[in-house]
Amino acid sequence: MNDFFSSVTQPIPFEGPESENPLAFRWYDADRLVAGKPMRDHLRFAVCYWHSFAWDGFDIFGQGTLDRPWIGSGGDAMDAAKMKMAAAFEFFEKLGTPFYCFHDVDIAPPGDTLAETARNLDEMATLALSYQESTGVELLWGTANLFSEKKYMAGAATNPDPEVFAHAAGQICHALETTHRLGGHNYVMWGGREGYETLLNTDYQQEREQLGRMLALVVEHKHKIGFDGPILLEPKPFEPTKHQYDFDVAACDAFLQRYDLVDDVKLNIEVNHATLSGHDFDHEIAAAFASNLFGSIDANAGDDRLGWDVDRFPVSVEQMSLGMYQILRNGGFTTGGLNFDSKLRRQSIDREDLFYGHIGGMDVMARSLLIAAELLADGVVEDVLKSRYQSWTNPLGQGILGGSETLESLRLHASENDYVAPASGQQEHLENVVRRYIEQVR
Ligand code: XLS
Ligand code: NI
Ligand code: NI
């Protein structure tokens, strides 16, 4: 297994913060114990198949640029898919990531008929299973691509035509069963083209009903085949459509409650999508935990000035430390992990650039984990939080929350009791503490 990345001769080692070796980790030390658990188990890194192996650098203005001999060789599509899989698993093994993720079409080419497409996927899944067994790499999640083909231009579940809904349902059915067969820990549904451009040709309420129905069918099938992992919705506010239905965590929360799906569905939060929706990454995480909907993370970065999904590798230790802090203080990942839904820039054309992108992203996340863990152990943030809300444990607070107070009883209470000045919110102090940990953590 040394065919495609032969310039990287060994698994990427951990060498520590002083290392100048570009092919070594400076912070990701898989076995290092952090808050009683190895880093590997906190972070649960996954490489995504689509950006790293199924994309050759094309964009809307031009053709592929990247050195990817397994794409577009013009030969047999199944041979190309096998070559791609060999390259992918060689990469996972050398990088040392314990998980990967894919869309059905990333690993297997579509055939001329649905039956042939299904056969291709089955054959590639058999091969993936043997690679998983020989390398120990596991499937974090699988998903179906319901946005690339022409038939999905007006949506999959939210298409005006039930025939298209049926095609999408069939594709999900097979992708979910394949994910189950490969021992996948979760099944993801990003609402690709589930959204609209104009209400002049879109029946919003009808489409929402269809989306609720599709998700209910997926949950039903998950139980039928005994798939234990959660279904994960992936919120995104826009792109490709102007109005994506799964806008953000709050919109998904309302949707899941409306269709009574909160027990089986959780969320896959993507950093760049949070940015696009006008939220901070840590806000989306906190919102998900507050409703018991936290599932997994697509780790990447947006751009301060570009309003689209640029999917850079994570770069900001501060942003990620605040995110990891929310994850840690709420108990960490269970079935989820950190999937690099990140892609190289189009001019990073060498195969080795895939290593640099992932090593940098893994180091940013590892360092952020260390900072978050020490900040949590320090307790200063938690202490301020606790004391700020302390008086809600008093009879008045308990009466309000427990329902024994009314607007009238509160008016009476307020007229008999003077307003008490609160303690400082200490935002600047807390930000200084975070900065101190960012500077000092080793
Ligand atoms: C697109 C999404 C996509 C999902 C998987 O913006 O991030 O890559 O993660 O379908
Ligand atoms: Ni994503
Ligand atoms: Ni995205």
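In listed order, ligands and their atoms are each counted from 1. It should be emphasised that the depicted structure is a prediction, and the values quoted were computed from it without experimental measurement. Counting begins at 1 with the first residue of the sequence.
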Is it the side chain (CB and beyond), the backbone, both or neither of E239 that lies under 4.0 Å from ligand 1, heavy atoms counted? neither

What are the two closest heavy atoms between S296 and L232, and how far apart are they? CB-CD1, 3.7 Å

So, applying side-chain hydrogen bond (donor to acceptor under 3.5 Å, both in side chains) with H174, which one of T179, D122, D104 is it? D122

Are any of the N/O atoms in H51 less than 3.5 Å from those in ligand 1? no

Heavy-atom closest pair, residues W27 and M39: O-CE, 3.4 Å

Could you tell me whether some N/O pair between E270 and ligand 1 is separated by less than 3.5 angstrom? yes

Give me the ring orientation class for Y100 and Y49: parallel if the planes are under 30° apart, tilted from 30 to 60°, perpendicular past 60°. tilted

To make sure I understand the geometry: which N, O or S atom in E270 is closest to the Ni ion (ligand 2)? OE1

The side chain to side chain contact (heavy atoms under 4.5 Å, CB included) partner of H42 among K37, R32, M365 is K37

For ligand 1, note which part of D298 has a heavy atom under 4.0 Å away: side chain, backbone, both or neither. side chain

Which of the numbered atoms in ligand 1 are under 4.0 angstrom from any heavy atom belonging to H103? 5 (C), 10 (O)

Determine whether W308 and F238 make a side-chain contact, defined as any pair of heavy atoms from C-beta on separated by less than 4.5 Å. no

Atom name of the N, O or S atom of D298 nearest to the Ni ion (ligand 2) is OD2

Working for side chain to side chain contact (heavy atoms under 4.5 Å, CB included), residues M324 and I297: CA-CA 10 Å; M324 285 310 300; I297 296 287; over 6 Å; no

At the Ni ion (ligand 2): angle between E234 atom OE2 and D341 atom OD2, to 10 degrees: 160°

Is there any N or O on E234 that sits under 3.5 Å from an N or O of ligand 1? yes

side-chain hydrogen bond (donor to acceptor under 3.5 Å, both in side chains) with N300: which of H273, E270, R312? E270

Per-atom contacts of ligand 1 with K236, taking only distances under 4.0 Å to non-hydrogen atoms: 1 (C), 6 (O)

Which atom name does D309 have for its N/O/S atom nearest to the Ni ion (ligand 3)? OD2

